[in-house]
There are 2 protein chains.
Amino acid sequence: MPDSRSGRYSIGALAEATDTKVETVRYYERVGLLPKPGRTTGNYRAYTGDHLARLSFIRRARDLGFTLDQIRALLGLADHKDNDCCTVDAMARDHLGDIDRKISDLKALRRELNDLLGQCQRGTIADCRIIGALSPVAK
Amino acid sequence: MPDSRSGRYSIGALAEATDTKVETVRYYERVGLLPKPGRTTGNYRAYTGDHLARLSFIRRARDLGFTLDQIRALLGLADHKDNDCCTVDAMARDHLGDIDRKISDLKALRRELNDLLGQCQRGTIADCRIIGALSPVAK
DNA sequence: CTGCACCTTGTAGTCACTACAGAGTCAAGC
DNA sequence: GCTTGACTCTGTAGTGACTACAAGGTGCAG
């Protein structure tokens with residue numbers, strides 16, 4: 001929770017409010033995703049509500065699987081409120097395509113691994129079908 | 001293709017045969033997944049059929065999404081042919097569970113992103129639903 | 001003998017963090 | 001005022017699984 005007098009957050013408070021590790025908050029600052037906050041007399045970072053908003057955006061987008069580069073782009077777009085939002089839409093659409101590809105890859109993988117598992121006869125490694133299926137044709 | 005006289009492969013030939021980059025083959029050697037091969041007079045690596053078999057195993061397991069640590073374990077098990085294969089089975093089963101979790105996570109993500117996309121009105125960023133959905137409640 | 005493809009080692013970069021070490025700050029309790 | 005403990009600071013290095021590059025050596029065809 002923010003210091004009631006100044007409305008400012010310590011790094012720990014900001015981290016907790018956004019379910020982020022303190023180190024990660026500093027990391028976002030280092031790579032330029034989160035603007036450098038002011039400092040207290042003791043050189044502690046003092047964040048504002050704007051920082052909280054921005055960090056929440058970043059975390060939410062990360063949860064949705066956007067990369068930090070994509071988020072940088074989204075933040076850039078979000079800062080120009082009079083642009084039209086087709087670019088944002090296109091980015092989300094691209095991302096959706098990526099996710100669809102990943103899902104179908106994983107499903108194929110699942111099928112294959114499951115087939116392998118169905119063949120386990122609980123014998124010795126020498127006739128283990130899983131090891132066999134992973135091994136090359138013959139050597 | 002192997003040198004016809006010795007049945008040995010250069011690193012490039014091994015890489016090509018297993019659809020692996022040369023650097024990756026050297027990387028597997030460095031991290032102890034692939035045994036160090038013999039060398040030619042000119043200090044080139046000279047691989048045998050055993051190396052080819054082992055690298056094929058590694059690549060196939062990687063394709064199936066096993067981590068290098070898991071592959072290390074599988075290779076260790078595969079080397080003791082009289083062990084029973086329940087351990088292998090359990091590893092594959094665990095891995096299948098991981099994959100199922102990933103698939104359902106991605107599906108949830110997909111739903112969420114798709115809902116967001118359905119709301120695009122092609123207006124300005126100021127009323128973009130995607131940006132809005134990513135942004136925190138109010139600041 | 002010249003060119004070129006291939007190989008060698010070593011090092012550093014990628015992504016998105018995460019984990020430390022060693023020091024400083026701050027507030028509460030005694 | 002002093003101690004304790006939680007918090008914060010900077011800087012550096014580690015993770016996984018590669019990937020890229022530099023600067024040099026090797027091997028072979030023309």
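Below, read A as the first sequence line, B as the second, and so on, with proteins coming before strands; counting in each chain starts at 1. Just so it is clear, the structure is predicted and the values come from calculations on it, not from any experiment.
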Original post:
So R54(A) and Y47(A), side chain to side chain donor-acceptor pair (under 3.5 Å) or not? Walk me through it.
Top reply: CA-CA 11 Å; R54(A) 198 158 174 116; Y47(A) 294 99; over 6 Å; no
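- What separates CD1 of I58(B) from C1' of dG16(D) is a distance of 15 Å, to the nearest Å.
- Residues G12(B) and V22(B) approach most closely at CA-CG2, 4.1 Å, considering heavy atoms.
- Summarising the geometry, atom CG belonging to L34(A) is positioned 12.5 Å from atom CZ belonging to R26(A); distances are rounded to the nearest 0.5 Å.
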Original post:
Please walk me through it: do Y44(A) and R8(A) pass side chain to side chain donor-acceptor pair (under 3.5 Å)?
Top reply: CA-CA 11 Å; Y44(A) 283 17; R8(A) 295 184 151 231; over 6 Å; no
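- Between R45(B) and dT8(C), a side-chain N or O to OP1/OP2 separation shorter than 4.0 Å is present.
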Original post:
When every nucleotide of nucleotides 13-24 of chain C is labelled 5' to 3' by its protein contacts under 4.0 Å (heavy atoms), B for base, S for sugar-phosphate only, - for none, what sequence of letters results?
Top reply: ---BBBB----B
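- To the nearest angstrom, C1' of dG16(D) lies 12 Å from CD1 of I71(B).
- The shortest distance between the side-chain N/O atoms of R39(A) and the OP1/OP2 oxygens of dT25(C) is not below 4.0 Å.
- For the OP1/OP2 pair of dT8(D) and a distance below 4.0 Å, the side-chain nitrogens and oxygens of S10(A) include at least one atom meeting the criterion.
- Residues satisfying the side chain to side chain donor-acceptor pair (under 3.5 Å) criterion with T18(A), sequence neighbours excluded, are T20(A).
- For the pair R72(B) and D69(B), the salt-bridge criterion is met [side-chain N within less than 4.0 Å of a carboxylate O].
- Atom NZ of K36(B) and atom C1' of dT8(C) are 13 Å apart (whole Å).
- Between L34(B) atom CG and dA17(D) atom C1' the separation is 15 Å, expressed in whole Å.
- Heavy-atom nearest nucleotides on DNA chain C were determined for T40(A) and for N43(B), and the one closer to the 5' end corresponds to N43(B).
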